[in-house]
Colleague: 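Before I ask anything, here is the structure I am working with.
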Amino acid sequence: MQINHRTLTYISVYGTLCLGVAVMIFPVVWMLISSMTAIPLWRSGLPSTSGPLGFLSNYRIVWQDGNFSRYFLNSIIISLSTTLLSVSLAAPAAYGFTRFNYRFGHILQFILFVPLILPQIFFITPYSWVIRILALFNTYQSLTFAYVSFILPFCIWILIASFYDIPEDLDEQAKVDGCTSINTFRLIILPIGFNSIIMVSLFAFILSWQEFLIPICFTTNRQLSVMTLAIVRMLNTSPVAWRQIMAASAIAAVPLLVLSALLGRYVTEGLAEGAVGQLTRVG
Amino acid sequence: MRVGEYAYIAPALIALAAVVGFPTIWSLWASFSRVSFVAPGTDLMDQRMAFVGWQNFTHILSDPVYWNVAANTAILVLATVVGSQVLGVGLALVLSGKVVGRRIWLLMLLIPWIIPPAVAAMVWRWWYDPVAGIPGLMWRQFSRTGASYHWLAQPGPALAAVSIVNVWARTPFVVVMISAGLQSLARDQLEAAIADGASRLQRFRLVIFPHLRYAIIVSAALTMIWTFRSFDVAYVLTGSGPISSVKVLSHYVYDLSFVSFRLGESSATSVTMIAAMGMLVLTYSWMLKRTNR
């Protein structure tokens with residue numbers, strides 16, 4: 001059999017990709033397999049019980065007895081409200097930054113970077129102090145506010161990059177046609193920038209869902225836990241119920257994966273444009 | 001219409017003032033004070049921030065635990081940046097060729113980015129577990145004494161273990177950044193090099209790599225920033241028990257704030273973190289400026 005140069009390239013390229021993808025997706029695959037089957041085969045948590053839909057027994061245990069139905073709901077509530085709030089504040093702000101010349105515009109845009117670069121804990125300590133004083137400890141509002149404070153700058157940043165690419169001639173034409181700035185925003189920018197807005201909403205939702213440090217600092221009430229916090233808390237049992245943890249992890253991970261798969265094109269296209277584009281302009 | 005124009009950014013600015021302005025001022029003030037938390041039911045008037053000068057800083061910087069934690073963080077950052085850059089550039093290069101189903105490969109490679117880091121760390125935590133994890137099981141099978149080896153409890157192996165997870169988590173980001181950089185590489189430059197008879201290695205060294213320098217520096221800087229401020233992975237892997245073998249600075253500050261309630265010292269530690277990060281960011285900007293872009 002002749003192995004020519006082309007076959008070798010073919011094998012090395014797709015082989016590397018397979019290896020890379022295998023490593024990247026292995027945790028998800030592991031979550032699904034170990035929560036639904038008896039693999040791994042030795043004693044490492046409750047085995048799946050048999051019976052109709054027995055392979056989902058870990059999920060049933062976690063959802064009902066483990067109260068994860070509540071935690072899932074908490075995650076959804078907080079992530080949705082954070083996303084809505086962040087995007088609705090970020091879109092006008094990005095429109096403003098790209099269309100108007102504010103006096104301290106550049107400084108303000110630089111300040112946008114700060115919550116993204118500095119350690120979160122730097123901001124969270126003062127927040128907790130204030131929240132306890134205002135008796136907002138263990139509330140949805142305090143969580144949402146803290147989430148928004150980190151996610152909003154990120155959204156503005158990405159949307160600035162996207163709106164920047166929308167040519168200003170369209171604005172001029174709209175003005176000639178008699179549009180005020182708010183109408184320009186509503187009727188020109190939003191429809192054209194719609195892709196970016198979807199992309200940013202997806203990011204905001206994913207980032208909120210992933211958040212762990214804020215809930216751990218802001219809530220001690222179990223009923224208010226979000227998924228990430230609840231899952232990590234499962235480490236405290238003895239013996240650790242690994243399969244149930246995997247089931248809960250799958251419940252936490254799969255919605256994000258599904259969302260990303262559905263809105264995937266916004267992610268790969270918009271991200272390269274937004275992040276690299278903005279950085280190219282800054283640098 | 002000046003007022004009207006400001007109306008667009010006003011809500012966001014107010015939020016930012018609350019986010020950036022207030023905590024910064026508070027933390028700076030707190031790092032020079034002795035602060036206590038409000039305990040439920042405490043009279044608010046008891047809350048005092050007593051100015052103590054540099055005491056917090058001297059206390060922190062003379063504590064060997066701080067330097068241990070700082071060293072851990074530095075090693076972790078270095079390993080994560082190097083590892084993710086190597087893997088990321090490699091995968092991006094592979095993807096840049098003629099690949100069938102490129103978008104699907106890319107989306108699958110992005111999975112570590114989409115999953116909550118704390119949740120992904122739980123899978124790794126199981127794998128690293130000396131009793132319940134597969135490597136632990138194999139170790140017990142093949143070791144003479146049959147005793148288990150607790151990776152996550154020894155500082156050395158624990159650092160490696162956390163680094164691996166961090167590299168896993170950050171490589172997709174680097175792949176995206178480098179892919180974007182590669183897309184802007186003009187085909188004609190590469191074709192000219194091929195026409196001149198350059199080998200694959202020469203093409204990489206002389207055409208591709210210089211073009212990528214910018215993307216590499218930027219993605220390395222962002223990875224460094226992310227790892228430096230990261231809390232989830234290290235906490236889940238090593239910290240949630242009573243003993244934590246590898247503390248990173250974020251975890252240390254969290255302990256000071258929410259476990260020991262020494263807010264003044266936690267703020268001081270945060271300030272030192274920011275100072276360190278500031279120096280690193282300046283280094284990266286300097287490197288960027290040198291790239292003639």
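Below, chain A is the first sequence line, B the second, and so on; all start at residue 1. Quick caveat, the model's predicted, so the values are computed rather than measured.
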Colleague: Could you have a look at B/I111, B/I114, B/L109 and say which one has the most heavy-atom pairs with chain A under 4.5 angstrom?
Modeller: B/I114
Colleague: When rounded to the nearest 0.5 angstrom, what distance separates CG in A/L89 from CD1 in B/I9?
Modeller: 12.0 Å
Colleague: Carefully, step by step, assess A/T220 and A/N138 under the rule side-chain hydrogen bond (donor to acceptor under 3.5 Å, both in side chains).
Modeller: CA-CA 7 Å; A/T220 50; A/N138 275 326; 3.0 Å; yes
Colleague: If we define contacts as heavy-atom pairs under 4.5 Å, which of A/T9, A/I216, A/I124 has the most with chain B?
Modeller: A/I216
Colleague: Examine whether an atom of B/F228 lies under 4.5 Å from a heavy atom of chain A, and if so say whether it belongs to the side chain, the backbone or both; otherwise answer neither.
Modeller: neither
Colleague: For B/V175, is it the side chain, the backbone, both or neither that has a heavy atom under 4.5 Å from a heavy atom of chain A?
Modeller: neither
Colleague: Between A/I245, A/I156, A/L256, which has the largest tally of heavy atom pairs under 4.5 Å with chain B?
Modeller: A/L256
Colleague: CD/A/Q210 to OG/A/S75 distance, rounded to the nearest 0.5 angstrom?
Modeller: 11.5 Å
Colleague: Please report the interatomic distance CG(A/L213) to CZ(B/R229), rounded to the nearest 0.5 Å.
Modeller: 9.5 Å
Colleague: Kindly compute the distance separating OG1 (B/T73) from CE (B/M277), expressed to the nearest 0.5 Å.
Modeller: 10.0 Å
Colleague: I'd like to check the ring-ring contact (aromatic ring centres under 6.0 Å, His included) partners of A/F205; sequence neighbours left out, ordered by chain and number.
Modeller: A/W209
Colleague: Go through the atoms of B/M273 and report whether side chain, backbone, both or neither lie under 4.5 Å from a heavy atom of chain A.
Modeller: side chain
Colleague: B/S285, B/A118, B/P112: which one forms the most heavy-atom pairs within less than 4.5 Å of chain A?
Modeller: B/P112
Colleague: Among A/V13, A/L118, A/L108, which residue has the highest count of heavy-atom pairs closer than 4.5 Å to chain B?
Modeller: A/L118
Colleague: Go through the atoms of A/F137 and report whether side chain, backbone, both or neither lie under 4.5 Å from a heavy atom of chain B.
Modeller: neither
Colleague: Ring centroids only, cut at 6.0 angstrom: are A/Y127 and B/F22 within range, meaning strictly under it?
Modeller: no
Colleague: Please classify the contact between B/L249 and chain A as side chain, backbone, both or neither, with a heavy-atom cut-off of under 4.5 Å.
Modeller: neither
Colleague: Centroid separation under 6.0 Å, is that true for the rings of A/Y14 and A/Y10?
Modeller: yes
Colleague: For each of A/A90, A/S149, A/G96, tally heavy-atom pairs with chain B at distances under 4.5 Å, and name the one with the top tally.
Modeller: A/S149
Colleague: Against chain B, label A/Y95 side chain, backbone, both or neither, depending on which of its atoms sit under 4.5 Å from a heavy atom there.
Modeller: side chain
Colleague: Hey, which of B/L256, B/L13, B/I115, B/T24 has the most heavy atom pairs under 4.5 Å with chain A?
Modeller: B/I115
Colleague: Look up atom OG in B/S266 and atom CZ in A/F122, then write down how far apart they are to the nearest 0.5 Å.
Modeller: 10.0 Å
Colleague: Which heavy atom of B/M122 sits nearest a heavy atom of A/W242, and at what distance?
Modeller: O-CZ3, 3.8 Å
Colleague: Given that the side chain runs from C-beta out, which part of B/A18 has a heavy atom under 4.5 Å from chain A: side chain, backbone, both or neither?
Modeller: both
Colleague: Out of A/L112, A/L116, A/L207, return the one with the most heavy atom pairs under 4.5 angstrom to chain B.
Modeller: A/L116
Colleague: With a 4.5 angstrom heavy-atom cut-off, is it the side chain or the backbone of A/V114 that approaches chain B, or both, or neither?
Modeller: side chain
Colleague: Counting heavy-atom pairs under 4.5 Å with chain A, which one of B/V271, B/V281, B/V123 comes out on top?
Modeller: B/V123
Colleague: Would a line drawn from the ring center of A/F163 to the ring center of A/F97 be shorter than 6.0 Å?
Modeller: no
Colleague: Quick one: what part of A/V254 sits under 4.5 Å from any heavy atom of chain B, side chain, backbone, both or neither?
Modeller: neither
Colleague: If you count heavy-atom pairs under 4.5 Å with chain A, which of B/S179, B/S27, B/P11 comes out on top?
Modeller: B/S27
Colleague: Quick one: which of B/L95, B/V100, B/L91, B/L87 has the most heavy-atom pairs under 4.5 Å with chain A, could you say?
Modeller: B/V100
Colleague: Can you sort out the partners of B/S33 under side-chain hydrogen bond (donor to acceptor under 3.5 Å, both in side chains), two or more places apart, ordered by chain and number?
Modeller: none
Colleague: For B/W226, is it the side chain, the backbone, both, or neither that has a heavy atom closer than 4.5 Å to a heavy atom of chain A?
Modeller: neither
Colleague: Can you name the closest pair of heavy atoms from A/L159 and A/A94 and give their distance?
Modeller: CB-CB, 3.5 Å
Colleague: Which answer fits B/A15, side chain, backbone, both or neither, if we ask what part of it has an atom under 4.5 Å from a heavy atom of chain A?
Modeller: side chain
Colleague: Taking every heavy-atom pair that is under 4.5 Å apart, which of A/L152, A/I231, A/V28, A/I117 has the most such pairs with chain B?
Modeller: A/I117
Colleague: In terms of heavy-atom proximity below 4.5 Å to chain A, should B/W105 be classed as side chain, backbone, both, or neither?
Modeller: both
Colleague: Is B/R170 positioned over the aromatic face of B/F173, cation under 6.0 angstrom from the ring centre and no more than 45 degrees off axis?
Modeller: yes
Colleague: When the aromatic ring centroids of A/F203 and A/W157 are compared, is their separation below 6.0 Å?
Modeller: no
Colleague: Measure B/M108 against the heavy atoms of chain A and call it side chain, backbone, both or neither at under 4.5 Å.
Modeller: both
